[in-house]
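Remember, it's a predicted structure, so these values are computed and weren't measured experimentally. Note on naming: letters A, B, ... go to the chains in the order of the sequence lines (proteins, then strands), and numbering restarts at 1 for each one.
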There are 2 protein chains.
Amino acid sequence: MNKQEKSVLAAKTKVLKAMAHPARLWMVEQLAVGERCVCELVDGLELDYSTVSKHLLILKNAGVVEDDKRGKQVFYSLKVPCVLNFMHCVEAVLKG
Amino acid sequence: MNKQEKSVLAAKTKVLKAMAHPARLWMVEQLAVGERCVCELVDGLELDYSTVSKHLLILKNAGVVEDDKRGKQVFYSLKVPCVLNFMHCVEAVLKG
DNA sequence: TTGTTGTTTGGTATAATGACCAAATTTTGA
DNA sequence: TCAAAATTTGGTCATTATACCAAACAACAA
């Protein structure tokens with residue numbers, strides 16, 4: 001494996017890791033329905049604002065979501081809807 | 001979020017986490033081509049046998065791969081080929 | 001200006017991961 | 001049997017993740 005292959009692999013891994021956490025995956029599924037402000041995600045997850053904010057940063061850095069500040073609130077939305085297709089496959093894995 | 005929703009989420013997360021590591025993702029991509037013995041994966045990754053073996057166990061426990069012992073060697077193969085479809089989406093994420 | 005709401009940042013303690021080494025296991029071959 | 005080859009298991013240690021608290025910031029309202 002050369003240096004370039006390694007960096008491609010690292011980049012893909014970053015996207016997968018971003019979604020590989022229950023709170024983050026839940027948020028991705030919510031955002032698939034439509035944009036949400038941080039407050040709504042905090043409500044749903046019952047986690048600290050600081051925690052949710054950091055999770056969102058991870059998703060954002062991975063390129064999975066984007067944010068939009070409107071007034072006092074920040075709205076997050078799914079940047080790449082195809083990530084959901086994958087979840088069908090994950091469900092297939094779960095069924096064996 | 002009730003107990004059942006949480007456990008479904010945990011199960012999906014397990015599958016994602018299993019692939020969210022460069023060595024494991026590389027192995028999944030190799031296995032997509034065809035089955036491989038542990039020795040071949042060790043060769044390609046340049047990691048310890050023990051390390052690779054543990055990575056494979058994680059993939060197996062997640063339901064992503066299966067193993068087949070033939071003689072002295074153990075061959076691993078991809079149990080759910082659709083996981084690869086997802087990688088196309090990941091690549092889309094990478095392109096922004 | 002001051003206060004309030006919504007969000008992010010910094011810090012810290014704790015838990016989970018991942019890499020290696022050594023040792024145990026399993027299968028085959030001499 | 002005994003030894004070698006392929007793999008797994010157990011243990012340790014360093015690194016990374018994650019949760020919470022406190023404090024900082026930004027936008028708006030009084």
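- Neither Phe75(B) nor Val65(B) shares a network with the other; the hydrophobic side chains, linked directly or stepwise wherever heavy atoms of I, L, V, M, F, W or Y lie under 4.5 Å apart, form separate groups for each.
- Residues from residues 27-45 of chain A that place a heavy atom under 4.0 Å from any atom of DNA chain C, listed by number: Cys37(A), Val38(A), Cys39(A).
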Next on the checklist: Protein within reach of the bases, or only the backbone? For nucleotides 23-30 of chain D, mark each nucleotide 5' to 3' as B, S or -, using heavy atoms under 4.0 Å.
Outcome noted: ---SBS--
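- Side-chain N/O atoms of Tyr76(A) include none lying less than 4.0 angstrom from OP1 or OP2 on dG6(C).
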Next on the checklist: Protein within reach of the bases, or only the backbone? For nucleotides 15-21 of chain D, mark each nucleotide 5' to 3' as B, S or -, using heavy atoms under 4.0 Å.
Outcome noted: --SSSBB
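- Remark: Thr13(B) OG1 to Met19(A) CE distance equals 10.0 Å, nearest 0.5 Å.
- Of all heavy-atom pairs between Lys17(B) and Ala20(A), the closest is CG-O, 3.3 Å.
- Without hydrogens or angle criteria, Thr51(A) side chain to Leu47(A) main chain gives no donor-acceptor distance under 3.5 Å.
- Taken from CG in Leu45(B) to CE in Met1(A), the straight-line distance is 5.0 Å, to the nearest 0.5 Å.
- Looking at residues 7-14 of chain A, you'll see that no heavy atom sits under 4.0 Å from any atom of DNA chain C.
- Per the geometry, CG belonging to Leu57(B) stands 17 Å off P belonging to dA16(C), to the nearest Å.
- For Val83(B) against Val28(B), the heavy-atom pair with the smallest separation is CG2-CG1, 4.0 Å.
- Applying the side-chain hydrogen bond (donor to acceptor under 3.5 Å, both in side chains) test to every pair with at least one member in residues 32-47 of chain A, sequence neighbours left out, gives these pairs: Glu35(A)-Arg70(A).
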Pair up each side-chain donor or acceptor in residues 86-96 of chain B with any protein partner under 3.5 Å, not counting sequence neighbours, and list the distances.
unit_1, atom_1, unit_2, atom_2, d
Glu91(B), OE2, Lys12(A), NZ, 3.4

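- The OH atom of Tyr49(A) sits 17 Å away from the C1' atom of dA22(D) (whole-angstrom rounding).
- With values rounded to the nearest 0.5 angstrom, Leu56(B) atom CG is found 6.0 Å from Leu41(B) atom CG.
- Between the P atom of dT17(C) and the CG atom of Leu16(B) lies a distance of 14 Å, rounded to the nearest Å.
- We find that CG of Asp68(B) is positioned 13 Å from P of dT27(C), with the value rounded to whole Å.
- Leu59(B) contributes atom CG, which lies 5.5 Å from atom CE of Met27(B) (distance to the nearest 0.5 angstrom).
- Here the closest heavy-atom approach between residue Tyr49(A) and residue Cys39(A) is recorded as OH-CB, 3.2 Å.
- Residue Lys14(B) holds its NZ atom at 10.0 Å from CD1 of Ile58(B), rounded to the nearest 0.5 Å.
- Judged by distance alone, with hydrogens and angles left aside, the side-chain atoms of Arg24(A) form no donor-acceptor pair with the main-chain N or O of Val52(A) at under 3.5 Å.
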